[in-house]
Amino acid sequence: MALDRRAGILLIAIEIIMIPLFAFQLYYGRDADPVALKAKSAHLSYYPMFQDIHVMLLVGFGFLMTFLRKYGFSSVSFNFLLCAVMMQWGLLMQSLFKGPGITIISLIETDILVAAVLISFGCILGKTSPIQMVLVAFLEVPVYLLNAHIGDKISVSDPGGSIFVHVFGAYFGLSVSRILGKPKCNNLEATSYTSDMFAMIGTLFLWVFWPSFNGIFTNTDDEQQRAIINTYISLTASCVTAFAVSILTDSNRKLTMGHIQNASLAGGVAVGTVTTLVIHPFGALIIGVGGGLISTLGFVYVQKWLERRTGLHDTCGVHNLHGLPGVFAGITSAIVAAIATQEVYGPRLFLIYKARAPEAFTSELKEIQHQLIQVLPGEDRSALGQAVYQLLGLAVTLVVAVTSGIFTGLILKVTSRWTGIVPEEYIHNDELYWNMEQEDDKKPRTLELETDSNNRLNVV
Amino acid sequence: MALDRRAGILLIAIEIIMIPLFAFQLYYGRDADPVALKAKSAHLSYYPMFQDIHVMLLVGFGFLMTFLRKYGFSSVSFNFLLCAVMMQWGLLMQSLFKGPGITIISLIETDILVAAVLISFGCILGKTSPIQMVLVAFLEVPVYLLNAHIGDKISVSDPGGSIFVHVFGAYFGLSVSRILGKPKCNNLEATSYTSDMFAMIGTLFLWVFWPSFNGIFTNTDDEQQRAIINTYISLTASCVTAFAVSILTDSNRKLTMGHIQNASLAGGVAVGTVTTLVIHPFGALIIGVGGGLISTLGFVYVQKWLERRTGLHDTCGVHNLHGLPGVFAGITSAIVAAIATQEVYGPRLFLIYKARAPEAFTSELKEIQHQLIQVLPGEDRSALGQAVYQLLGLAVTLVVAVTSGIFTGLILKVTSRWTGIVPEEYIHNDELYWNMEQEDDKKPRTLELETDSNNRLNVV
Amino acid sequence: MALDRRAGILLIAIEIIMIPLFAFQLYYGRDADPVALKAKSAHLSYYPMFQDIHVMLLVGFGFLMTFLRKYGFSSVSFNFLLCAVMMQWGLLMQSLFKGPGITIISLIETDILVAAVLISFGCILGKTSPIQMVLVAFLEVPVYLLNAHIGDKISVSDPGGSIFVHVFGAYFGLSVSRILGKPKCNNLEATSYTSDMFAMIGTLFLWVFWPSFNGIFTNTDDEQQRAIINTYISLTASCVTAFAVSILTDSNRKLTMGHIQNASLAGGVAVGTVTTLVIHPFGALIIGVGGGLISTLGFVYVQKWLERRTGLHDTCGVHNLHGLPGVFAGITSAIVAAIATQEVYGPRLFLIYKARAPEAFTSELKEIQHQLIQVLPGEDRSALGQAVYQLLGLAVTLVVAVTSGIFTGLILKVTSRWTGIVPEEYIHNDELYWNMEQEDDKKPRTLELETDSNNRLNVV
């Protein structure tokens with residue numbers, strides 16, 4: 001069995017070990033300190049958007065994954081478990097990079113980090129036990145933070161996390177899945193009418209709140225407003241495109257729920273790298289159409305091709321929703337960066353692309369700081385230089401994600417004696433993990449029949 | 001079939017055509033412009049309420065319509081599609097009336113406009129193909145905007161949109177439905193236990209967030225707070241009344257889920273015209289009871305009568321939830337307008353009823369502006385005059401909605417060769433539009449039986 | 001039958017009686033008055049958190065209770081009805097304690113009061129008619145307010161309401177349930193795959209928005225930020241612990257959905273009394289682990305033991321989620337109060353523990369007020385004294401809740417001729433209350449069979 005006494009002990013052990021780690025490493029940040037905070041807290045204004053993201057993680061991702069007919073309990077609950085464990089581990093690991101003082105900002109950054117973990121989780125859903133998934137997540141978080149830290153150091157701009165969250169999470173999870181191999185028996189890898197309906201709860205909450213995900217961390221109010229507008233428009237475009245492409249690629253000219261559930265969200269990923277930029281409403285529309293197109297084609301052609309040719313099995317189609325649109329977003333960000341001028345943005349350009357600011361102690365910097373005090377010294381990077389760095393950020397992320405994912409997959413294989421293997425016949429099957437006495441009456445049973453006075457057979 | 005290659009091509013064509021339209025017509029408003037916005041943006045404070053409304057459209061309306069047993073995929077997904085297409089079309093069309101600069105305010109106004117479209121959609125749900133619905137929506141939006149513009153010009157006060165959103169959307173959709181005619185075969189027009197449960201997700205999110213819908217656009221903070229309080233109270237009253245009337249009108253003294261799902265929301269519609277006014281808590285209660293009563297009686301008596309006598313088929317009972325309570329709201333608004341005095345409201349009266357402000361260059365205006373600088377010159381309309389204009393606004397809306405709805409219905413009929421007709425046997429049936437391989441095992445099948453040693457027949 | 005004409009008449013009568021009561025007792029508070037409110041309203045900033053709580057009541061509690069296989073309609077709808085009636089009654093009753101002027105603050109306080117009623121409702125779900133539940137709720141509200149008032153008077157600190165909402169609601173409801181007795185026939189007290197999935201909607205929204213419930217009413221911004229951080233951490237801990245203990249206590253080492261649905265939330269209850277205090281992140285973690293542990297053990301051992309030994313039947317396991325973790329929270333609050341020093345909190349200590357402030361007209365008070373003007377005169381209570389009062393608050397609440405619950409249960413018994421009794425065979429059965437024609441085709445039916453040419457029997 002995939003769950004045993006050790007699974008329970010491991011989880012409780014994690015909590016017990018967390019206590020001293022929390023005690024030594026984490027304390028309340030200045031903003032949450034009764035003595036340090038003198039006036040009003042600016043951080044509280046983040047709370048409504050934070051809650052939107054919180055809904056996305058628990059309800060959005062949780063229900064989006066319930067599309068499998070016999071794996072609803074596990075999908076929504078293991079997503080829940082992963083969120084909870086990784087919120088703790090994320091707070092801890094993050095404090096190594098950003099300092100031990102916790103405020104709402106830390107919770108938000110942790111939530112975003114957890115999103116990457118949940119994306120990876122979608123690749124191996126149903127094929128791995130919860131203990132394996134927790135192990136994967138523990139390994140993923142520090143690599144995620146390291147990669148994001150590199151991106152920050154080389155000043156890659158990615159306000160919606162398309163590169164550092166979506167591409168990273170997707171290719172990390174896909175690499176783990178590739179190492180674990182393709183399930184031989186997957187006759188439960190199907191949906192039911194009800195499970196597809198539950199999945200739409202996830203889709204809709206993700207779609208509705210995505211502007212908060214892409215727009216929560218911005219330097220200025222105009223950036224935040226553009227983030228909201230661009231994401232809103234891009235999502236409408238990917239939704240319409242997903243419907244169109246789903247019909248056009250189907251031999252019966254019918255729609256497929258899986259495309260609607262997922263590809264309609266691709267606009268949120270695709271616009272994530274440039275969400276705060278002046279891409280204009282029509283630019284957001286083009287990006288959304290591109291995202292929806294790539295994603296739906298991914299579901300229809302790429303996924304099957306990859307599975308057949310490379311043995312890559314991707315339960316939720318993460319590659320189509322997060323991988324391909326994320327790469328598209330990375331490339332888009334290079335194009336947008338190459339044409340971003342100070343004429344359009346004014347001095348706020350240097351808040352978005354920090355490295356493009358003039359170097360320290362130059363008169364150019366002084367002049368710009370005179371206009372906008374928040375601009376920090378940069379490295380006088382050119383627009384084209386920024387474009388190259390955007391692509392570099394994408395490339396680094398791909399390399400780091402795939403390498404660490406393979407490594408993590410190998411660790412899973414080596415430790416499978418302890419972490420457990422899901423038996424082939426229980427893949428995508430809740431019965432492996434859950435007490436389900438309630439399903440007794442649905443099992444096939446022998447019908448007892450008898451003949452009535454009209455010589456008709458009746459069920460007794 | 002109702003979906004074919006043309007449906008996919010049409011949707012992708014819409015997106016392609018939208019790109020130049022967006023490029024030429026829409027740009028970021030001052031508030032989202034990196035150079036124009038100097039300080040903090042006031043528009044961002046609308047964001048939490050905007051998200052509530054966004055949830056109402058996608059999750060609220062989307063799931064409310066999933067009550068049909070075999071039409072859940074289509075209900076929630078075509079609602080999703082309509083939202084996405086109409087958010088684009090709405091932004092465009094609206095810019096003709098309000099200018100091309102987009103901010104969060106534009107997104108909110110578009111969302112409210114989309115609500116009207118979704119209301120109409122409820123009338124023809126299951127009887128029209130998604131392409132027909134998109135066509136209807138494209139035609140509806142400019143008429144909606146024109147009618148709202150007229151209302152604005154003649155200073156009709158309707159902060160919650162009961163007249164301009166609910167009455168308009170309902171009677172437009174009903175007129176379309178009337179022209180299309182009553183489905184002959186409607187044996188799938190029934191609910192299932194699970195579909196009724198899904199519909200409650202929609203009901204509850206609509207109920208919870210309705211105060212945001214009624215209170216998002218207000219002139220002052222006291223107005224907004226009254227909008228929230230009045231809607232909260234009115235909704236509780238319509239909920240309790242719906243339960244009461246559902247029991248009392250049933251021959252078995254049992255409740256009907258359809259009444260609870262819909263009529264409990266009627267208080268939100270009924271109070272919408274006067275939501276910011278000083279109707280006092282007891283006034284909100286009376287209006288909520290009235291709305292719940294009218295709505296439930298509509299479901300029990302009016303809907304069947306209309307269907308039998310006039311051949312009007314209304315899938316979701318839109319007339320009962322949006323039509324009748326909307327008319328009630330219009331009449332209520334006249335009564336409330338007739339008794340509104342400057343004594344109660346102070347100079348803020350002239351922010352609510354703009355035409356009641358004194359005319360330009362009068363000393364009365366000068367005096368009021370001295371107290372409240374925001375008051376603009378009006379036309380010195382009397383309280384009774386305002387009441388008459390409220391009724392006029394309702395009448396104009398009814399005429400415009402019915403006329404344009406009939407016209408739209410006729411266009412649908414004329415173009416049915418291109419837009420497709422839903423075959424009678426596929427009305428309210430997801431199988432027309434969706435790949436549903438997962439349902440194979442539920443189809444009726446030949447039972448193989450054999451006799452066992454006890455001479456009893458067993459299923460093999 | 002449990003519903004009859006009287007049920008409908010009662011509900012409509014409640015509304016009619018509410019109208020004059022509202023008219024005489026309630027008016028708009030200063031903040032919602034067009035003449036009184038001069039500048040911006042501070043109360044509107046509460047709105048997003050208020051909406052979170054609103055979602056918790058209607059969607060959270062509503063769907064959490066839908067876990068029963070045949071009681072989904074009733075669970076979610078009667079929860080809805082109770083919310084609506086009690087929001088009216090709560091506004092009224094509350095005005096007796098806090099004054100008749102209504103603002104958003106009143107709506108929030110009413111929502112919190114309704115939470116206590118819904119907790120009690122969970123104990124008697126399925127065993128009582130909606131009319132009985134409304135009667136129970138009408139009696140519960142004034143006692144709730146009285147008890148909370150006592151707590152206020154003796155300065156018990158309980159920002160998240162663990163004592164005054166959770167302990168009160170749980171033991172009140174349990175006492176009512178104990179008097180009503182254990183249902184003899186409970187073969188419908190089971191879940192189905194779908195009903196367990198619906199219940200997870202409730203769990204997740206409660207989990208996500210719980211920080212708003214615990215953090216809405218705070219004195220300062222640092223308090224609010226700690227409330228959010230502490231609740232976030234505590235909830236992650238109770239979630240992980242619930243999974244661990246569910247596995248470890250199961251003989252098959254499988255998980256039980258009921259534990260995950262409920263015990264994962266226990267951290268929110270457990271941390272409620274000290275949510276604004278400086279318990280440090282590790283303290284929140286310990287409390288969450290404790291809450292999750294107690295709650296899951298409650299489900300596995302205590303509930304069955306109580307039912308067997310004392311005849312206490314608790315449909316939703318309210319004792320395990322709200323009762324035991326609430327008592328744990330009360331004890332925790334005494335410990336935390338005993339070690340709270342002015343060194344850690346500065347003068348803000350006296351905003352949290354009002355009675356610890358120096359007495360009026362003392363020089364100590366003057367000095368503190370010099371640092372923080374909002375501090376009011378207290379009674380110079382010591383830290384240990386505050387700890388004792390925290391336990392006293394818990395004890396008083398237990399006594400008041402049990403006594404008034406027993407009393408209410410006896411009233412139900414005495415009035416059962418009028419309020420109706422749920423027939424044993426209809427316990428936990430929607431069919432008692434709802435028109436369910438849609439379920440016809442699921443009922444067992446006579447199969448008509450005929451022999452085909454291969455001499456096999458086919459279903460006609």
Side-chain angles (χ1 to χ4, degrees), chain A residues 1 3-5 7-9 11-12 14-15 18-20 22-23 26-28 31-35 37 40-41 43-44 47-48 51 54-55 58-59 62-63 66 72-73 76-77 80-81 83-85 87-88 91 102-104 107 130 194 198 201 433-439 456-459, chain C residues 48-49 52 69 190-194 196-197 200-201 203-205 207-209 212 220-226 228-229 232-233 235-237 239-241 243-248 250 252-257 260 264 278 280-282 285-286 289 344-346 348-349 444 446-449 457:
Chain A
M1 301 305 274
L3 281 181
D4 56 12
R5 185 199 295 257
I9 292 172
L11 288 175
I12 204 75
I14 289 172
E15 292 308 281
M18 283 285 174
I19 293 169
F22 265 50
L26 301 177
Y27 51 80
Y28 296 123
D31 231 62
D33 187 311
V35 178
L37 180 69
K40 284 272 156 193
S41 157
H43 293 198
L44 285 171
Y47 189 72
Q51 278 296 15
H54 223 40
V55 171
L58 279 299
V59 180
F63 274 98
T66 62
F73 285 9
V76 73
S77 301
F80 189 16
L81 175 65
C83 280
V85 181
M87 282 165 182
Q88 296 176 0
L91 277 176
I102 295 184
T103 69
I104 288 185
L107 305 187
T194 304
F198 276 116
I201 299 175
Y433 305 113
W434 298 91
N435 284 312
M436 298 174 74
E437 77 278 38
Q438 70 274 24
E439 292 300 289
R456 281 199 303 219
L457 280 163
N458 293 329
V459 177
Chain C
M49 277 187 152
D52 294 350
R69 128 203 328 261
T191 65
S192 74
Y193 196 76
T194 304
D196 262 332
M197 288 296 295
M200 281 305 288
I201 299 174
T203 298
L204 293 177
F205 276 105
W207 199 87
V208 164
F209 287 139
S212 299
T220 56
D221 278 8
D222 63 291
E223 276 187 38
Q224 187 159 50
Q225 200 146 175
R226 285 198 301 281
I228 293 163
I229 295 168
Y232 178 99
I233 292 174
L235 284 166
T236 62
C239 173
V240 181
T241 307
F243 274 88
V245 181
S246 185
I247 297 171
L248 289 174
D250 187 68
N252 301 316
R253 305 288 172 216
K254 288 191 177 185
L255 290 155
T256 301
M257 275 305 270
I260 307 308
S264 57
V278 180
H280 301 290
F282 82 93
L285 195 68
I286 293 174
V289 170
V344 171
Y345 292 88
R348 291 182 194 171
L349 180 68
T446 305
L447 290 176
E448 285 187 45
L449 300 161
L457 281 162

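All heavy atoms count here, side chains included; hydrogens, waters and symmetry mates do not. So you know, we letter chains A, B, ... as the sequences are listed, proteins then strands, and number each from 1.
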Which residue out of [options] racks up the most heavy-atom pairs below 4.5 Å with chain C?
options	answer
A:A32, A:P20, A:G72	A:A32
A:L26, A:D31, A:V76	A:D31
A:I14, A:V85, A:D33	A:D33

Mutual orientation of the aromatic rings belonging to C:F243 and A:W434 [parallel < 30°, tilted 30-60°, perpendicular > 60°]: perpendicular
Rounded distance [0.5 Å steps], NE2 in A:H43 versus CD1 in A:I104: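 So the NE2 of A:H43 and the CD1 of A:I104 are separated by 8.5 Å.
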Rounded distance (nearest 0.5 Å) linking atom CE of C:M257 with atom CG of C:D196: 5.0 Å
Any C:E223 side-chain heavy atom under 4.5 Å of C:R348 side chain: no
Working for side-chain hydrogen bond (donor to acceptor under 3.5 Å, both in side chains), residues A:Y47 and C:S212: CA-CA 9 Å; A:Y47 189 72; C:S212 299; 2.7 Å; yes
Choice from [options] maximising heavy atom contacts with chain A below 4.5 Å:
options	value
C:S246, C:P281, C:P48, C:C239	C:P281
C:V208, C:T220, C:T203	C:V208
C:L349, C:L248, C:I260	C:L248
C:I286, C:V289, C:T241, C:V278	C:V278
C:T236, C:V245, C:L255	C:L255

Heavy-atom pair with the smallest gap, counting every atom of A:L11 and C:V240: O-CG1, 3.9 Å
Heavy-atom contact with chain C under 4.5 Å, split by part of A:F198: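 Side chain only.
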C:Y232/A:H54 aromatic ring centres below 6.0 Å: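 Yes.
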